[in-house]
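All remarks here apply to the structure that follows.
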Protein chains: 2
Amino acid sequence: MENNELPADVALMWRLRETPRRGPKPSLTLDDIVAAAIAIADEDGDLGAVSMARVAERLGNSTMALYRHVKSKDDLFVLMSDAALERPEPLPDGVDWRTGLTFWANGVLTAIRKHRWYAKVPISGPPAGPNNLAWFDLALSALEDTGLAEEAKVGVVMGLITYVQGEVRVAFDLAAGFDENPAAFQQYGAILARVVDPRVYPSVAKVIAAGVFAMDTSFEEDSDADFAFGLQIYLDGVAAFIDRVGVKGG
Amino acid sequence: MENNELPADVALMWRLRETPRRGPKPSLTLDDIVAAAIAIADEDGDLGAVSMARVAERLGNSTMALYRHVKSKDDLFVLMSDAALERPEPLPDGVDWRTGLTFWANGVLTAIRKHRWYAKVPISGPPAGPNNLAWFDLALSALEDTGLAEEAKVGVVMGLITYVQGEVRVAFDLAAGFDENPAAFQQYGAILARVVDPRVYPSVAKVIAAGVFAMDTSFEEDSDADFAFGLQIYLDGVAAFIDRVGVKGG
DNA sequence: CCATACTGCGTACCTGCTACGCTATTTAGC
DNA sequence: GCTAAATAGCGTAGCAGGTACGCAGTATGG
């Protein structure tokens with residue numbers, strides 16, 4: 001059996017466990033457990049709300065029953081993070097790489113938006129789950145016609161993933177902080193102004209004076225704009241890289 | 001007293017508490033507590049190793065004594081994350097923005113490398129501590145001569161921070177995973193090859209076939225190269241943005 | 001029909017955060 | 001000086017959470 005050589009969590013993610021023959025029928029399935037955990041995290045918006053006890057309670061089982069299906073809580077997290085990303089929609093036909101990657105990035109954003117805890121799952125290894133790989137595959141396919149070497153494509157996509165996830169993490173953490181204490185955010189500019197000495201922080205002081213931190217727009221708008229702005233910059237960089245290294249073609 | 005209107009954690013970070021007049025002399029200082037917490041996290045490389053009990057033990061005090069200086073553990077985290085970043089070195093004189101931002105990014109990288117837990121501190125608000133602001137100021141000052149609007153500078157710097165922190169987070173998490181289970185990483189390519197169906201993941205299959213996941217280089221080298229690669233792409237994008245929007249000069 | 005393998009679960013242990021209230025200590029104000 | 005107020009340290013205890021262990025019950029292969 002080849003499966004035996006696979007790491008346990010990878011085997012679980014791909015559902016490669018051979019079905020056991022003896023013993024009672026399981027009253028729980030792995031999918032139920034993962035779905036329940038995701039539901040809890042979604043409702044609370046916080047990974048911290050997921051406890052083994054709560055997951056079990058939601059399924060009408062005891063806490064320890066879960067451990068027949070999952071090795072540990074971290075294991076469950078890995079499963080959650082792959083299951084949370086549903087399969088991506090395919091790229092529109094015949095688009096150039098930039099349109100493709102923009103489509104992809106926005107798809108990732110909408111997918112993760114449904115699961116605000118996603119970016120907080122501790123990364124335990126390179127992407128290895130079926131859904132994560134599907135997204136990875138899609139991004140790579142967008143670069144198909146650029147003439148970049150495979151390794152360069154991977155680099156570009158990894159960088160983009162890093163950027164998107166970082167942006168998402170910051171945005172959601174800030175949004176959570178905002179919900180918790182809106183006053184602190186609305187006063188952010190005022191607070192900085194009080195505490196920042198222009199002789200020590202001249203550039204920050206200029207920014208404050210220009211009213212950048214005045215918080216006139218809503219949070220959602222703000223983070224959407226930040227995302228688009230950063231994405232544009234990154235893609236401009238990719239374009240420059242392709243011009244420099246790749247074969248021009250399309 | 002203006003301080004009263006400041007959020008508690010901000011006041012703490014800037015050490016704005018007015019010194020009390022009555023009562024016993026404190027045997028602990030806030031700096032001691034933060035330093036001890038940082039030392040623990042550094043030694044273990046994991047934020048999870050920081051418990052109030054352990055911090056107190058290291059200081060020869062009881063757990064609850066800490067709560068006279070810090071409102072909660074999250075409070076302590078915020079303090080830690082500002083204290084961990086020491087003051088940045090100033091930029092070399094007369095450098096252009098690109099050299100400046102590269103210098104800056106590498107500075108951030110070395111600063112965070114000493115504190116592998118840094119990128120895991122939950123973000124509770126926009127940067128407001130003295131050290132974080134110093135880094136922020138430095139990055140903004142690198143863009144001084146670009147003619148960008150203040151808001152655009154902030155956008156560029158925020159994007160860069162997001163990218164750098166994201167990259168660092170991934171790199172350290174992977175490194176930790178690697179230390180824990182090196183075999184799984186060395187076999188990553190082989191595992192993928194076993195599990196990836198070329199019809200479902202054609203682009204990933206091509207990457208695997210090209211041997212990109214073969215893991216011939218060391219981990220350190222690999223993540224350094226990734227960092228530099230992504231940074232280059234981002235800065236190329238910034239250059240394009242400046243060409244498009246900014247006043248050319250310098 | 002029994003041995004086997006497997007599921008669910010109760011119990012218990014450990015770690016961790018922190019509210020509460022007591023005691024000791026220092027000083028402001030008289 | 002003396003007293004009252006304010007403050008530091010800390011012991012206790014409550015609560016939540018992860019999970020090792022072993023028992024009881026169940027389905028199946030021989």
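Numbers restart at 1 for each chain; the letters A, B, ... are given by sequence-line order, proteins then strands.
- Under the 30°/60° scheme for interplanar angles, the aromatic rings of Y188(A) and F213(A) are found to stand perpendicular.
- Within residues 34-45 of chain A, no residue has a heavy atom under 4.0 Å from DNA chain C.
- Closest to the side chain of S51(A), from the set dT18(C), dG17(D), dG9(D), is dG17(D).
- Counting non-hydrogen atoms under 4.0 angstrom, S27(B) reaches the backbone sugars and phosphates but no base.
- In this model, the phosphate group of dT28(D) is approached by a side-chain N or O of K25(A) to a distance below 4.0 Å at OP1 or OP2.
- Using a 30° and 60° split on the angle between ring planes, W104(B) and W135(B) fall in the perpendicular class, above 60°.
- With sequence neighbours left out, R113(A) forms a side-chain hydrogen bond (donor to acceptor under 3.5 Å, both in side chains) with D224(A).
- Nearest-nucleotide positions on DNA chain C for A53(B) and P24(B) put A53(B) closer to the 5' end.
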Is there any protein nitrogen or oxygen under 3.5 Å from a nitrogen or oxygen in nucleotides 12-16 of chain D, and what are the pairs?
none

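- Counting only heavy atoms from C-beta on, A65(B) has its side chain closest to dC10(D) among dT18(C), dC10(D), dT19(D).
- Scored by the side-chain hydrogen bond (donor to acceptor under 3.5 Å, both in side chains) test, D42(B) finds H115(B), W117(B) as partners (sequence neighbours excluded).
- Following rounding to the nearest Å, L66(B) (CG) and dG16(C) (P) show an atom-to-atom distance of 14 Å.
- Between R58(A) and E43(A) there is a salt bridge, with a side-chain nitrogen of the basic residue lying less than 4.0 Å from a carboxylate oxygen of the acidic one.
- Taking a 4.0 Å limit (strictly below) on heavy-atom distances, residues 67-75 of chain B reaches DNA chain D at R68(B), H69(B).
- Note on R116(A) versus D46(A): no salt bridge recorded, every NZ/NE/NH1/NH2 to OD/OE distance being 4.0 Å or above.
- Here the CE-CG distance, from M13(A) to L79(A), works out to 7.0 Å after rounding to the nearest 0.5 Å.
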Show each protein N/O and nucleotides 1-3 of chain C N/O combination with a separation under 3.5 Å, one pair to a line.
none

